[in-house]
Amino acid sequence: MEKIQAIRGTKDILPENIYQWHFLFDKFNEISNRFNYTEIRTPIFEKTEVFHRSIGEATDIVNKEMYTFTDKGGESVTLRPEATAALVRSIIQNSLNHESPILRLWYFGPFFRYERPQKGRLRQFHQYGAELIGSPNPEADIEIILLAIELIKSIGINGYTLLINSLGNEQSRANYRIALIDYLKNNSENLSTESRTRLEVNPLRVLDSKDENDLKVLENAPAIIDSLDSESRTHFDMVLKGLEEIGINFEISNKLVRGLDYYSHTVFEFRSNYLGSQDSFGGGGRYDGLFEQLGGKATPAVGFAFGIERLLLILEQIGGLPINNQHIDYYFILQKSDYYNYAQNIANKLRQLGKSVVVEILRRSFKAQMREANKIAARFAAIVGESEFLESTITLKNLNDSAQQTMSVEAFLNSLK
RNA sequence: GCGGAAGUAGCUCAGUCGGUAGAGCAUCAGAUUGUGGCUCUGAGGGUCGUGGGUUCGAGCCCCAUCUUUCGCCCCA
């Protein structure tokens, strides 16, 4: 029989690594709580429309990266490529923002994009993200960035770059778009072919190009910041001032535009030198127009997301992965397999007292059982031989200092209560 | 979607000029009868990613395909 392989770009999270995921989840849960954010879980698939109406028809995500299929009822559904659109759908549907003007949410889960796999880029990947719904003010932008930074700090990552930019409000963006198209069209003969097509479909994305000739052209391109109207400019300035005064380091990048259409005003991205080609491990921004696009009433919001696999890659590179400190308290060693029920009975009482306990089930030799106890780093070998079995006792051997004593089962259990 | 590299034991890797595969670690067992770690001895485990082709003969050469990886693209 031929072996079956996992689907391309998907990865098993193996038992030997799962503690790393628990570590991240626990830290993020804890820090989110400190900021008064609550976890939300939405389905991993949605009506395709949710993403079409939000992410943008012209974006790569919608154009070529979505896992879209027709279900048996004829409905077009899509495995979520990101969270924000689905969350907004849920908030509107459940009227989550009706009880209070402000809603603070976080999420953790799998997402799907049909891309060519690479290190740090999987077809099923995981994100942690947070959304702050209800405030149009720069205070919200500052809070969400601060949360992101505290999360990174909590898992021990210090070396990274925070890039920030403003796309301005709708009017500012429209103005800039015209100015940029104008400029790029005048210089189109110097642009790469890809940038020329992007100029037609999604001109802001040309700013992201790494092509050398494109970069030359872009040197003199109009900057978004110059197209911002006073409202947008003030918003951005207040965000920057806030970050400065709170002591957050950042770099302004007037070329940062990000690949989802729903962003407005503040956009930001976290980059690391440890990731190679996929150097961004988190990003987000403000999306004041999204609620309306998804049929809700106008609601301002900011949010961001981290790529969990990328965070783990960074931790691995900097030697920052946590130590797996899972341990076993007692390993039950049976001289004869006949003593299994006797042992398992005691073992389970120990478990009820909060101990982690394993009982031999392979009928191995005494020596092999001792080896096993040692290998899994049990604190004690709990030995059941003929005399223990007959006298209702248990022999405990401390595997650190080899000290050994025999006592009645009753006395042993009582000593732990 | 485009270009480059790589796939041999559970893991890390050797494998000469084409002659049906090796090491270390890991696993398992043993070294006088109820005692681990160190040491020693031994054993099991591979259709050489998959499918074709060339050849008397392919891990090695050729083609295709799958997967991983690097860069592009994109993004978390």
Side-chain angles (χ1 to χ4, degrees), chain A residues 1-11 14 16 55 59-65 80-84 107-129 148 192-195 197-198 202 205 208-212 214 256-260 268-272 275-284 303-314 331 333-336 339 362 364-389 395-404 406:
Chain A
M1 284 292 273
E2 207 176 315
K3 282 184 210 161
I4 300 177
Q5 285 189 315
I7 288 179
R8 186 177 194 198
T10 68
K11 226 167 140 181
L14 301 174
E16 65 194 44
I55 297 172
T59 61
D60 280 2
I61 293 181
V62 166
N63 269 332
K64 47 186 198 191
E65 295 174 4
R80 60 184 188 183
E82 60 105 46
T84 306
Y107 58 85
F108 189 111
F111 295 89
F112 307 84
R113 288 182 203 172
Y114 190 87
E115 295 182 270
R116 176 121 169 202
Q118 225 173 83
K119 191 164 73 172
R121 189 172 75 185
L122 298 165
R123 288 184 173 181
Q124 176 176 342
F125 58 101
H126 296 76
Q127 288 189 340
Y128 163 97
S192 62
T193 43
E194 280 177 50
S195 284
T197 40
R198 273 191 298 202
N202 201 348
R205 294 227 58 83
D208 255 357
S209 176
K210 288 174 194 159
D211 182 274
E212 268 184 46
D214 289 355
L256 181 68
V257 292
R258 303 188 52 76
L260 293 84
F268 56 94
E269 199 166 300
F270 293 93
R271 290 192 189 164
S272 166
L275 293 173
S277 178
Q278 316 301 323
D279 63 348
S280 155
F281 64 89
F304 71 91
F306 287 135
I308 302 300
E309 284 83 355
R310 290 184 186 180
L311 290 175
L312 287 172
L313 280 174
I314 295 173
Y331 191 92
I333 292 175
L334 316 179
Q335 189 199 350
K336 288 167 68 183
Y339 308 146
L362 267 179
R364 280 178 284 195
S365 69
F366 203 97
K367 179 178 287 204
Q369 295 182 59
M370 282 300 290
R371 263 201 271 260
E372 175 72 9
N374 186 61
K375 198 179 73 186
I376 66 174
R379 294 202 164 134
F380 291 93
I383 298 168
V384 179
E386 189 177 17
S387 59
E388 286 86 354
F389 177 71
T395 296
L396 296 170
K397 177 165 186 169
N398 184 321
L399 292 180
N400 286 324
D401 59 16
S402 298
Q404 180 170 322
T406 303

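Note on naming: letters A, B, ... go to the chains in the order of the sequence lines (proteins, then strands), and numbering restarts at 1 for each one.
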Inset, instruction - Quickly work out the A:F306 CZ to B:rC75 P distance and round it to whole Å. - result: 18 Å
Legend entry - Touch class at under 4.0 angstrom, heavy-atom based, for A:G284 against every strand present: nothing
Inset, instruction - Could you pull out the closest heavy-atom pair between A:L399 and A:A381, with the gap in Å? - result: CG-N, 4.0 Å
Inset, instruction - Identify whether any heavy atom of A:A381 sits under 4.0 Å from a base atom; if not, whether one sits that close to sugar-phosphate; answer base, sugar-phosphate or nothing. - result: nothing
Legend entry - Nucleotide paired to B:rU20 in any strand shown, Watson-Crick or G-U, under 3.5 Å: none
Inset, instruction - Look at the side chain of A:T395 and decide which nucleotide, out of B:rA31, B:rC28, B:rG34, has an atom nearest to it. - result: B:rG34
Inset, instruction - For B:rU8 and B:rA14, measure between their P atoms and round to the nearest Å. - result: 10 Å
Legend entry - Residue A:R121, side-chain atoms from C-beta onward, closest of B:rA76, B:rC75, B:rU35: B:rA76
Legend entry - Under 3.5 Å on both distances, the Watson-Crick or G-U partner of B:rU55: none
Legend entry - Gap in Å between the two P atoms, one belonging to B:rG59 and one to B:rG51, rounded: 13 Å
Inset, instruction - Go through the N and O atoms of the side chain of A:S387 and the base of B:rG34, and report whether any donor-acceptor pair is under 3.5 Å. - result: yes
Legend entry - Any donor-acceptor N/O pair, A:Q369 side chain to A:R364 backbone, under 3.5 Å: yes
Legend entry - Nearest listed nucleotide, side chain of A:F125, among B:rA76, B:rA31, B:rC70: B:rA76
Legend entry - Length of the line joining A:R371:CZ and B:rC28:P, which is rounded to integer Å: 8 Å
Legend entry - Atom C1', compared across B:rC60 and B:rC17: separation rounded to whole Å: 11 Å
Legend entry - Nearest heavy atoms of A:Q127 and A:A305, plus distance in Å: OE1-CB, 3.6 Å
Inset, instruction - To the nearest Å, give me how far apart NZ (A:K64) and P (B:rC2) are. - result: 11 Å
Inset, instruction - Using the P atom as the reference point in each nucleotide, state the distance between B:rC48 and B:rG42 in Å, no decimals. - result: 28 Å
Legend entry - Residue closer to the 5' end of RNA chain B, A:I308 versus A:Q118 (nearest nucleotide): A:Q118
Inset, instruction - Calculate the interatomic distance between A:I7 atom CD1 and B:rU68 atom C1'; express it in whole Å. - result: 16 Å
Legend entry - side chain to side chain contact (heavy atoms under 4.5 Å, CB included) between A:R123 and A:Y114, worked out: CA-CA 6 Å; A:R123 288 184 173 181; A:Y114 190 87; 3.2 Å; yes
Inset, instruction - Could you let me know what B:rA31 is paired to, Watson-Crick or G-U wobble, both distances under 3.5 Å, or none if it's on its own? - result: B:rU39
Inset, instruction - With the side chain of A:R8 defined as its heavy atoms from C-beta on, choose the nearest nucleotide among B:rU68, B:rU35, B:rC75. - result: B:rU68
Inset, instruction - Look at all strands and tell whether A:K119 reaches a base, only sugar-phosphate, or nothing, counting heavy atoms closer than 4.0 Å. - result: sugar-phosphate
Inset, instruction - Nearest whole angstrom, please: distance from the P of B:rA76 to the CZ of A:F108. - result: 16 Å
Inset, instruction - Send over the distance from A:L311 CG to B:rC75 C1', rounded to a whole Å. - result: 14 Å
Legend entry - Distance, rounded to the nearest Å, where A:Y114 contributes OH and B:rC75 contributes P: 18 Å
Inset, instruction - Tell which nucleotide pairs with B:rG1, taking only Watson-Crick or G-U wobble pairs whose two distances are both under 3.5 angstrom. - result: B:rC72
Inset, instruction - Using side chain to side chain donor-acceptor pair (under 3.5 Å) as the criterion, list what pairs up with A:R121, not counting sequence neighbours. - result: none
Legend entry - B:rA58 to B:rU54 separation - C1' atoms, rounded to the nearest Å: 10 Å
Legend entry - First of A:G120 and A:A6 reached from the 5' end of RNA chain B, by closest nucleotide: A:A6
Legend entry - Atom-pair distance (CZ on A:F366; C1' on B:rG34), nearest Å: 4 Å
Inset, instruction - For A:L122, report the nucleic acid contact type (base, sugar-phosphate, nothing); a contact means any heavy atom under 4.0 Å. - result: base
Inset, instruction - Would you please say whether a donor-acceptor pair under 3.5 Å links the side chains of A:E388 and A:T395? - result: yes
Inset, instruction - Report the residue from A:H126, A:Q124, A:R80 that forms a side chain to side chain contact (heavy atoms under 4.5 Å, CB included) with A:F111. - result: A:R80
Legend entry - Phosphate contact (B:rC75 OP1 or OP2) by A:R113 side-chain N/O below 4.0 Å: no
Legend entry - From B:rG34, B:rA31, B:rA76, nucleotide with atom closest to A:E388 side chain: B:rG34
Inset, instruction - May I ask you to check whether A:F306 and A:F304 place their ring centres under 6.0 Å from each other? - result: yes
Between protein and nucleotides 3-11 of chain B, what N or O pairs are separated by less than 3.5 Å?
from: B:rG3; atom 1: O6; to: A:R116; atom 2: NH2; distance (Å): 3.0

Inset, instruction - Assess whether side chain to side chain contact (heavy atoms under 4.5 Å, CB included) is satisfied between A:E309 and A:K11, documenting all intermediate values. - result: CA-CA 10 Å; A:E309 284 83 355; A:K11 226 167 140 181; 5.8 Å; no
Inset, instruction - Scan A:I383 against the nucleic acid and name what it touches under 4.0 Å (heavy atoms): base, sugar-phosphate only, or nothing. - result: base
Legend entry - Check: A:Q369 side chain, B:rU35 base, donor-acceptor under 3.5 Å: no
Inset, instruction - Please state whether the phosphate of B:rU27, meaning OP1 or OP2, lies under 4.0 angstrom from any side-chain nitrogen or oxygen of A:K375. - result: yes
Inset, instruction - Just call it for A:E386: base, sugar-phosphate, or nothing, with non-hydrogen atoms closer than 4.0 Å on any strand. - result: base
Legend entry - Pairwise P distance for B:rA5 and B:rA64, with rounding to whole Å: 13 Å
Inset, instruction - In whole angstrom, give me the gap between the C1' atoms of B:rU16 and B:rG45. - result: 26 Å
Legend entry - Which residues share a ring-ring contact (aromatic ring centres under 6.0 Å, His included) with A:F389, sequence neighbours left out: A:Y339, A:Y342
Inset, instruction - Scan every strand shown for a Watson-Crick or G-U wobble partner of B:rG7, both distances under 3.5 Å, and answer none if you come up empty. - result: B:rC66
Inset, instruction - Would you confirm whether A:R271, through its side chain, and A:D279, through its main-chain N or O, come within 3.5 Å as a donor-acceptor pair? - result: no
Legend entry - P gap between B:rC72 and B:rG15, integer Å: 32 Å
Inset, instruction - State which of B:rU68, B:rG37, B:rU35 makes the closest approach to the side chain of A:M370. - result: B:rU35
